[in-house]
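Working notes, structure below.
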Number of protein chains: 2
Amino acid sequence: MADIISHPRSRIAAGREPADGPDLSHGAGDDIIELLFFAYRDFISDPDQILADFGFGRAHHRVLHFVDRHPGMRVADLLDILKITKQSLGRVLKQLIDGGFIVQKPGAMDRRERLLFATCKGAELAARLREPQSRRIRAALAGLSPEAHRQVADFLLAMVNESERQDVADRVYENERPRP
Amino acid sequence: MADIISHPRSRIAAGREPADGPDLSHGAGDDIIELLFFAYRDFISDPDQILADFGFGRAHHRVLHFVDRHPGMRVADLLDILKITKQSLGRVLKQLIDGGFIVQKPGAMDRRERLLFATCKGAELAARLREPQSRRIRAALAGLSPEAHRQVADFLLAMVNESERQDVADRVYENERPRP
DNA sequence: GAGATTATGTCAGCCATATTGACATATTTT
DNA sequence: AAAATATGTCAATATGGCTGACATAATCTC
């Protein structure tokens, strides 16, 4: 029985070098794997209570956040960002529109497009949801060195898939995205 | 119609100070809100293809990861970490046990406890799942300054709820947890 | 030792959010 | 006119959360 049990600790004996094949045991950066899990777990839990008051879930938060931050966004842009299907987005977006948090306007150039905007009501909710998350981040950065904010932002950006990294940087830092 | 639309850009005009009440518009650290979303989105997408080959989802990954990393963990420990109910854990854990990835052993001190261990098969899968995430993290850190790893780890730890921060640090850095 | 508490498991049902596939409509492009 | 695009919608399904109720075995307390 005991012999079918893996003993990870024995595999990380100090200084041990793998004799054959790649070392699949724990290594540099593995602390970040767990820290990311715990940090994100608590980070996304902040707005849950507020959302519950509106009968919304985390999916509504994500949609409202991006529409509020990037007014005039197309539905297709949102699908690219969230990496979900239009059917999944559909229900959530419909609820936000029905509730008066988001409005749609046909595109001026291309009237097939439904450009998305947060209403004042929507912007207020987005701000309420953003507030505890901002507070948590500012508190976390406050205890660190002055350049930590930049280091952390650079790290997180470097964690994004290389193919989309520039798009994400443009979005986050508000360089207006040129749309072809 | 246009007057019910919020215009966030006007609220972040450079140097503007709020005249009344707290400033609920965007401020320091808000770039981190979005960067965390994008970084985590891509970070957790890495193992998805591997998991699909086994008919598993992200819930299985989380359970297997923590059991592999902390052998002899109790079911209650896992519930604390994942912050889910025992019913939710139950289904996923049962599948991992039935599939031979995890085994249970009664606790030596308290035979009510079911201590969890990854089998060799489970440890191998955990390593395969960890590999792309480790690679992504190492690549992200490689482009940064030498002290970035520490800064990022400190930041992520500081993002954890204060009440659990010490427990998380102990877990992540393998200081054996004293159990009362 | 009897009774309370604890650790775990399980049944049943519900909800949120994701999926795929098919099809409809309006609009723009070719 | 035909093809391609942007969006919306219907239907069915899966995952992974939840609550509530109840069962078992083991330990702790008096």
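So you know, we letter chains A, B, ... as the sequences are listed, proteins then strands, and number each from 1.
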Global bending angle along the helix from C:dG1-D:dC30 to C:dT30-D:dA1, which compares the axes of five pairs at either end, to 10 degrees: 30°
Inter-residue atom distance B:Leu129.CG - B:Leu51.CG, 0.5 Å rounding: 5.0 Å
Shortest non-hydrogen contact from B:Phe66 toward B:Met73: O-SD, 4.0 Å
Stretch residues 90-102 of chain A: residues that reach within less than 4.0 Å of DNA chain C through a heavy atom: A:Arg91
Salt-bridge criterion met for A:Glu113 and A:Lys105 (N-O under 4.0 Å): no
Straight-line distance of B:Gln133 CD to A:Leu36 CG, nearest 0.5 Å: 8.5 Å
Nearest-Å distance for atom pair NE2/C1', residues B:His61 and D:dT15: 17 Å
Contact interval (first through last nucleotide) of DNA chain C with protein chain A, 4.0 Å heavy-atom: C:dT17 to C:dT28
d(CZ, A:Arg114; C1', D:dT5) in whole Å: 13 Å
Sequence-distant partners of A:Lys86, salt bridge (charged side-chain N to carboxylate O under 4.0 Å, His left out), two or more places apart: none
Interatomic distance, B:Asp42 atom CG to A:Glu162 atom CD [nearest 0.5 angstrom]: 11.5 Å
By side chain to side chain donor-acceptor pair (under 3.5 Å) - contacts of A:Asp46 (at least two apart): A:Arg136
Results of ring pair (Phe, Tyr, Trp, His ring centres under 6.0 Å) for B:Phe56 - residues two or more places apart only: B:His60, B:Phe101
Which residue lies more 5' along DNA chain C, comparing B:Val75 with A:Gly57 via nearest heavy atoms: B:Val75
Nucleic acid contacts of residues 40-56 of chain B, taken as heavy-atom distances under 4.0 Å to DNA chain D: none
For B:Arg112, side chain to side chain contact (heavy atoms under 4.5 Å, CB included) partners two or more places apart: B:Asp110
Sub-4.0 Å heavy-atom contacts from residues 78-89 of chain A onto DNA chain D, ordered by number: A:Lys86, A:Gln87
B:Gln104 side, atom CD; B:Leu116 side, atom CG - distance, nearest 0.5 Å: 5.5 Å
Pairwise N/O distances under 3.5 Å, protein to nucleotides 26-28 of chain D:
{"unit_1": "D:dT27", "atom_1": "OP1", "unit_2": "B:Arg111", "atom_2": "N", "d": "3.1"}

Residues that B:Ser45 engages under side chain to side chain donor-acceptor pair (under 3.5 Å), provided they are two or more places apart: none
Salt-bridge present (B:Arg171, A:Glu34; N to O < 4.0 Å): no
Side-chain (B:Asp167) to main-chain (B:Glu164) donor-acceptor, under 3.5 angstrom: no
Spacing of B:Thr119 atom OG1 and B:Leu96 atom CG [to the nearest 0.5 Å]: 9.5 Å
Inter-residue atom distance A:Asp30.CG - B:Glu131.CD, 0.5 Å rounding: 10.0 Å
Student check: side-chain heavy atoms of B:Arg69 and B:His65 closer than 4.5 Å: yes
Exercise: identify the closest heavy-atom pair between B:Leu141 and B:Ala148: CD2-C, 4.4 Å
All ring pair (Phe, Tyr, Trp, His ring centres under 6.0 Å) counterparts of B:His61, not counting sequence neighbours: none
